[in-house]
There are 2 protein chains.
Amino acid sequence: MKKKKADLKDLFELSEFFKFFGDSTRIRIIEFLRQGEQSVLAIANYLEMGQSAISHQLRILRMANLLTFRREGKTIYYRLDDEHVEKIFQLGLEHILHKRGK
Amino acid sequence: MKKKKADLKDLFELSEFFKFFGDSTRIRIIEFLRQGEQSVLAIANYLEMGQSAISHQLRILRMANLLTFRREGKTIYYRLDDEHVEKIFQLGLEHILHKRGK
DNA sequence: TTTATATATGAATGTTTATTCATATATTCA
DNA sequence: TGAATATATGAATAAACATTCATATATAAA
């Protein structure tokens, strides 16, 4: 793995990127969407949280280009939109499971 | 890459883990330490921030077992203490550089 | 066109958290 | 032992942010 040089702007952006993963609601949304696309209500039910809270978080992930969506009638289906998201999620998960010897 | 099952506790811990990367000061510390161990003052000078602010952040990273340190006289040298930290940093960096077409 | 359903969003609230300031601790040197 | 240097830490402050509530928008169905 070659080390790439990162300037101040890169590092700021990098921390902003990781911030998206640093919230348990968003992490749980990402984990759920690893199975494939899901509607807003399906996500809210799965997480046992209000629709509004989920919509707010989806907005954040969508604006970060981590999610895309498609509309089908009244329903909007969200899906993961970045291979890196899966990879980073997976690597982080491996880390904590390994650290815990699971 | 095999998908591992994650329960609620795992996901909460995972988001806590990513939180460490989701702050520009901590990300800059991690980036600086990729070169090798550095003293607290060296870090503070490099980031152009106060010693106290750096100490507080080092404490957080140390308690998360992302850093270790050794003492040499009055000076304490910190270093990265986890291969995953490097990997995740690198993967995240590749992500944002790629997205920007850099 | 009224009603019902799915989603989005602005404002308010409460909580978390990064930094600063003042001070404490630890080590070295005179 | 006293002064100087490196680091740590508690308390205070300010900024960021997640959730809730109320409401808006969009689509479909009656």
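As the structure is a prediction and not an experimental result, all values here were calculated from the model. Throughout, a chain's letter reflects where its sequence line sits, starting with A, and its residues are numbered from 1.
A donor-acceptor contact closer than 3.5 angstrom is absent between the side chains of Gln38(B) and Arg79(B). No donor-acceptor contact under 3.5 angstrom links the side chains of Glu86(B) and Gln90(B), judged on distance only.
Per the geometry, CD belonging to Gln51(A) stands 13 Å off P belonging to dT19(D), to the nearest Å. One can place CZ of Arg59(A) at 13 Å from P of dA18(D), the figure rounded to the nearest angstrom. Rounded to whole Å, the distance from CG on Leu47(A) to C1' on dT19(D) is 13 Å. Note: CD (Glu72(B)) to C1' (dT5(D)) measures 15 Å, nearest angstrom.
Heavy-atom distances to DNA chain C give each of Leu41(A) and Arg26(B) a nearest nucleotide, and the one nearer the 5′ end belongs to Leu41(A). Remark on DNA chain C: of its neighbouring residues Tyr77(A) and His56(A), the 5'-side contact belongs to Tyr77(A), judged by nearest-heavy-atom nucleotide.
Note that the first and last nucleotides of DNA chain C, 5' to 3', having any atom under 4.0 angstrom from a heavy atom of chain B are dT17(C) to dT28(C).
Note on Glu16(A) versus Lys19(A): salt bridge recorded, some NZ/NE/NH1/NH2 to OD/OE distance being below 4.0 Å.
For the pair Leu58(B) and Val40(B), the minimum side-chain heavy-atom distance is below 4.5 Å.
Of the options Leu61(B), Ile29(B), Leu33(B), Leu66(B), a side-chain contact (heavy atoms from CB on, under 4.5 Å) to Tyr78(B) is made by Leu33(B) and by none of the others.
As judged by a 4.0 angstrom heavy-atom cut-off over every strand, Thr75(B) is placed among residues touching the sugar-phosphate backbone only. Here Phe69(B) lies out of heavy-atom contact (under 4.0 Å) with every strand. Within 4.0 Å of Ile43(B), counting heavy atoms only, lies no atom of the nucleic acid at all.
Closest of all the heavy-atom pairs between Phe89(B) and Ile30(B) is CD1-CG2, 3.8 Å.
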